[in-house]
Amino acid sequence: MAESGSINDLKKKKEFKLNNTVVLFIVLIILFAVFSYVGKPFFFSKLNLIPMLNNLSFIGIVAAVLTMVMVSGEIDFSVGGNIGLTACLTAFLIDKGMPGWLVVILALFSGLVMGAFNGMIVTVIGVNSIIATIGTMFIWRGIGYTLTNGESILAINPVIDYIGRGFIFKVIPFPIILLVITFIITYLVMNHSKWGRKIYAIGSNPIASFLSGINVKKVKFINFLICGVTASLGGLILTSLTAVGMPQHGQGLELVIVSSIILGGTALGGGRGQILGTLAGVLILSILYNFLTIMNIYYFYIQIVQGAVLILVVSTYEIRQSLAKRRI
Amino acid sequence: MALDNINRVVLKMENIIKVFPGVVALDKVSIDLKKGEVLGILGENGAGKSTLIKILAGNYIKDSGSIYIDGQLFDIKGPSEAMAAGIRVIYQELNTLNNLTVAENIFIGEQIVKTPFKIIDWKAMQKKAIDLLNILNVKLDPSAIMGDLTVSEKQIVEIAKALSKEAKILVMDEPTAALSEEEIQSLFKIIKTLKSKGVSIIYISHRLKEIFEITDRVTVLRDGKKVGTLNTKEAEPNKLVEMMVGRDIKDMYPKRVIPIGENVLEVKNLKADGVNGVSFYLRKGEILGIFGLLGSGRTSLVNALFGANKIISGEILINNKKVKIKTPSSARDVRVGLVPLDRKVEGLALIMGVKENITLSNISDLGKSFLISKTIERNRAQKWVSELGIKTPSLEQEVNSLSGGNQQKVVLAKWLESGSQIIILNEPTRGIDVGAKIEIYKLMQDLCERGSSIIMISSELPEILSIADRIIVMSKGRFTGEYLRENASEEKLLHDACI
């Protein structure tokens, strides 16, 4: 009797087990409610929320795609440098009088080239992606500095303006549309597509995936390509939001993005991770930053809080995991 | 008093109960271990052998029951307490530090130091390592790098490590899973030496032959319950198998007569890394066995056939058509599948579900668009789960938690799902229990009956001699013998394997 009772108890517990993504969204909603109340009336206002969403749009877009790279067991630290270089290139070309649409195409193409370069070093030569992309992170930013002589260049052009500051139906900011589209596509890819299945399989066991006939290198290479293009899209948005291209754009952003992804539950070693988790991670870090800023908290303290939150959340993952293991 | 000493019970585990979510892993299991004896624990996978050992080692906490060491009630709360009580466990998956030397591995965590600054005393460590290895009667260089050793040598180092501090009770969990016949014999010598020195040994295995060879008594577990304990001398193999499986097993190696057809595979003068020019053929419906010791090139050969080992020269013909196999995906496309040696490392995405693993090599076929059709996926996976009798609570279950036999079936299902006609199995029954083994043998023959052909690598002589239709022996990358099953014998195969 006692035994069967305990088995049923454990089964029940399993049914009620919340997954990390759901927990994150609950945390997000609670934070949002608390911030709206404490930060009355500024936090929950159009004047605050719209710019906040604009600012997190490019972070979210890059984070969604970088999640794919990370689930496959790789990482791309060069996204921040990519954003800087793309911003410089965009402003540089606009300044030279090139038409806006062509600049957009060239900017995205530059991302493709950067992604291909990362992909080549990692998959063909076999350099660890942490090292490879820290290397290219410096290279991209260095090229940005070279291109602009270290100065800021104004980037004023109707097409560029629209990317970061335009509205659809006169109310919805264009970058938000881009963000939503990116998350819908990456969600479909990761949760429902053949490509996504391959990504999870590779992250879970690259050797078994290769021995099952999956072209591991090809999948990883294309992931890097897409990541490069996406980071450049992020660079375009940031250039548009600030109306200026400068080599410091996106500095340190790679760590913010990777932090959001890890906060969202993606494992560094690959194989585990959810697009919606990343979305929650990005939103939590962004509203936290926003709230502390409008509460007039000194920037230095904000950094401390952001770092602490990351460690706190990841610690809870580890604790939950080791608890689960001990139970078994 | 001497007699009394011999029969002294050093360990007693009484009415141990352990419940996991959804399963009673141990249901009032009791064992006792005498000084200087080898107690076998026999049982299929999932019988509770490993759980029992993990409780003894302090890795799991028992739900109820009591443990006595030297007659004293002893509550094991963690690994350090188990260690302090003189319990040493050598796990199936060795925990060696491959970048360090043999001596460093032996003394890890308790290096010998010189005063006054507690600097490591390399010389003393070296010397003591040699002493320990001498006790075991093995010659191993203490300064060799662990990663360069063979599996059996690593195991010896683990034993030496276990003995470096006083070991009263040594537990060996499936120690021979990765060893060749010769290596097993040298392991047994070591066990006998230890026994004569008064160490009590718990030997876990599902290989009957070894239980008979090395143990004094044997306790059989089934489904978390103790079936009984017998003196090994008085036990009969069939009786033990019956106790273990819970039903009468008439035939360990069921072999049917299956008509053999035309050549489906022809290999001409194949050279690859580890393979020095071999030629052979495989016929429709045939099971071709490849026998060889570790390092004979058998794995290199099948990996080359599967595109995982680069082919230097030679020809491969499938159904009389020349094919180029450069990658596993090109092997899959010509309907060749590989059930690899180490299913956890090479065969399965362990943290993914049963259905994801079954469809792993055939993802592109899971729907017309770029999306995966969940219905197609479920149906396909369900089909193989019922056809191969894969025991799993659900199709979503992580394969990590399945038993070895069921994991092996999942790997096999993966290749059936992608339509493989030539299936290569590298040690198909390694680390799986008797019942599952018999099922695998039957499955292999079912496949042959349906027109597939099989290449089976095996280092288990009784298995290869009973199941393969034809046996090729390999040594140093070459073929050194070929026999039809009727003409082959253990002596002939071993002789050719050592050429």
Side-chain angles (χ1 to χ4, degrees), chain A residues 1-17 19 71-73 185 187-219 222 267 269-273 321-328, chain B residues 17 19-25 27-28 51 59-61 63-64 303 306-308 327-333 336-340 342-353 356-357 359-367 369-374 377 398-401 411 414-415 418:
Chain A
M1 267 313 277
E3 272 163 34
S4 65
S6 57
I7 289 170
N8 283 337
D9 285 352
L10 286 162
K11 263 189 185 163
K12 261 181 210 158
K13 249 184 216 167
K14 206 174 180 189
E15 275 163 29
F16 282 121
K17 203 183 129 194
N19 74 43
V71 170
S72 81
I185 293 175
Y187 177 80
L188 276 179
V189 167
M190 290 301 272
N191 291 48
H192 295 282
S193 81
K194 296 171 181 172
W195 184 257
R197 175 62 58 78
K198 289 180 186 174
I199 290 173
Y200 277 107
I202 290 169
S204 158
N205 187 342
I207 300 171
S209 299
F210 172 70
L211 290 176
S212 298
I214 296 174
N215 194 334
V216 174
K217 288 184 174 178
K218 183 176 133 192
V219 172
I222 293 178
R272 291 189 199 271
Q321 206 166 27
S322 64
L323 280 180
K325 256 185 206 157
R326 206 165 301 162
R327 231 176 277 133
I328 285 167
Chain B
I17 295 177
V19 182
F20 291 134
V23 61
V24 183
D27 187 2
K28 294 187 181 165
T51 311
N59 287 359
Y60 290 161
I61 307 298
D63 293 341
S64 73
N303 283 349
F306 185 66
T327 58
S329 69
S330 57
R332 174 194 59 200
D333 295 343
V336 175
L338 171 73
V339 177
D342 189 338
R343 60 182 161 268
K344 287 187 177 174
V345 176
E346 303 164 327
L348 297 164
L350 286 173
I351 57 172
M352 296 180 89
E356 285 84 359
N357 271 283
T359 55
L360 192 61
S361 62
N362 208 19
I363 295 173
S364 50
D365 216 26
L366 288 179
S369 68
F370 71 99
L371 295 176
I372 288 174
S373 155
K374 305 273 170 185
E377 185 185 25
E398 281 188 16
V399 290
N400 211 355
S401 63
V411 182
K414 176 174 78 180
W415 292 112
S418 55

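Chain letters run A, B, ... following the sequence lines, proteins first, then strands; residues in each count from 1.
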Practice task
Examine whether an atom of A/Asn215 lies under 4.5 Å from a heavy atom of chain B, and if so say whether it belongs to the side chain, the backbone or both; otherwise answer neither.
Solution key: neither
Completion exercise
Taken in chain and number order and not counting sequence neighbours, the residues that satisfy side-chain contact (heavy atoms from CB on, under 4.5 Å) with B/Ser373 are B/Thr375, B/Ile376
Handout entry: B/Lys374, part contacting chain A, at a heavy-atom distance under 4.5 Å
Key = side chain
Fill in the blank from the handout: Under 4.5 Å to a heavy atom of chain A? For B/Ile363 that would be both
Handout entry: By ring-ring contact (aromatic ring centres under 6.0 Å, His included) - contacts of A/Tyr187 (at least two apart)
Key = A/His192
Problem - Flag side-chain contact, heavy atom, 4.5 Å: B/Lys344 against A/Asn205 - result: no
Completion exercise
CD (B/Glu346) and CZ (A/Phe210) are apart, to the nearest 0.5 Å, by 11.5 Å
Problem - Test item: A/Lys194 side-chain N/O and B/Phe370 main-chain N/O as donor-acceptor pair under 3.5 Å - result: no
Exercise for the section: Would you mind checking if A/Arg272 and B/Glu398 are paired as a salt bridge, meaning a charged N to carboxylate O distance below 4.0 Å? Expected result: yes
Fill in the blank from the handout: Here the pair of heavy atoms bringing B/Gly347 nearest to A/Ala208 is C-CB, 3.7 Å
Fill in the blank from the handout: On a heavy-atom basis, the closest approach of A/Gly213 and B/Ser329 is O-CB, 3.2 Å
Exercise for the section: Heavy-atom distances under 4.5 Å only: say whether B/Leu348 touches chain A with side chain, backbone, both or neither. Expected result: backbone
Exercise for the section: Give, for atom NZ of A/Lys217 and atom OG1 of B/Thr327, the distance between the pair rounded to the nearest 0.5 Å. Expected result: 11.5 Å
Practice task
Please name the pair of heavy atoms, one in B/Met352 and one in A/Ala201, separated by the smallest distance, quoted to 0.1 Å.
Solution key: SD-CA, 3.5 Å
Problem - CA sep, side-chain torsions, deciding dist, call: A/Leu211, B/Phe306, side chain to side chain contact (heavy atoms under 4.5 Å, CB included) - result: CA-CA 8 Å; A/Leu211 290 176; B/Phe306 185 66; 3.9 Å; yes
Exercise for the section: Measure across B/Leu371 and A/Leu188 and return the closest heavy-atom pair with its distance rounded to 0.1 Å. Expected result: CD2-O, 4.3 Å
Exercise for the section: Select one option (side chain, backbone, both, neither) describing which atoms of B/Thr359 are under 4.5 Å from chain A's heavy atoms. Expected result: side chain
Fill in the blank from the handout: Ranking B/Ser401, B/Ala331, B/Ser418, B/Gly367 by heavy-atom pairs under 4.5 Å to chain A gives rank one to B/Gly367
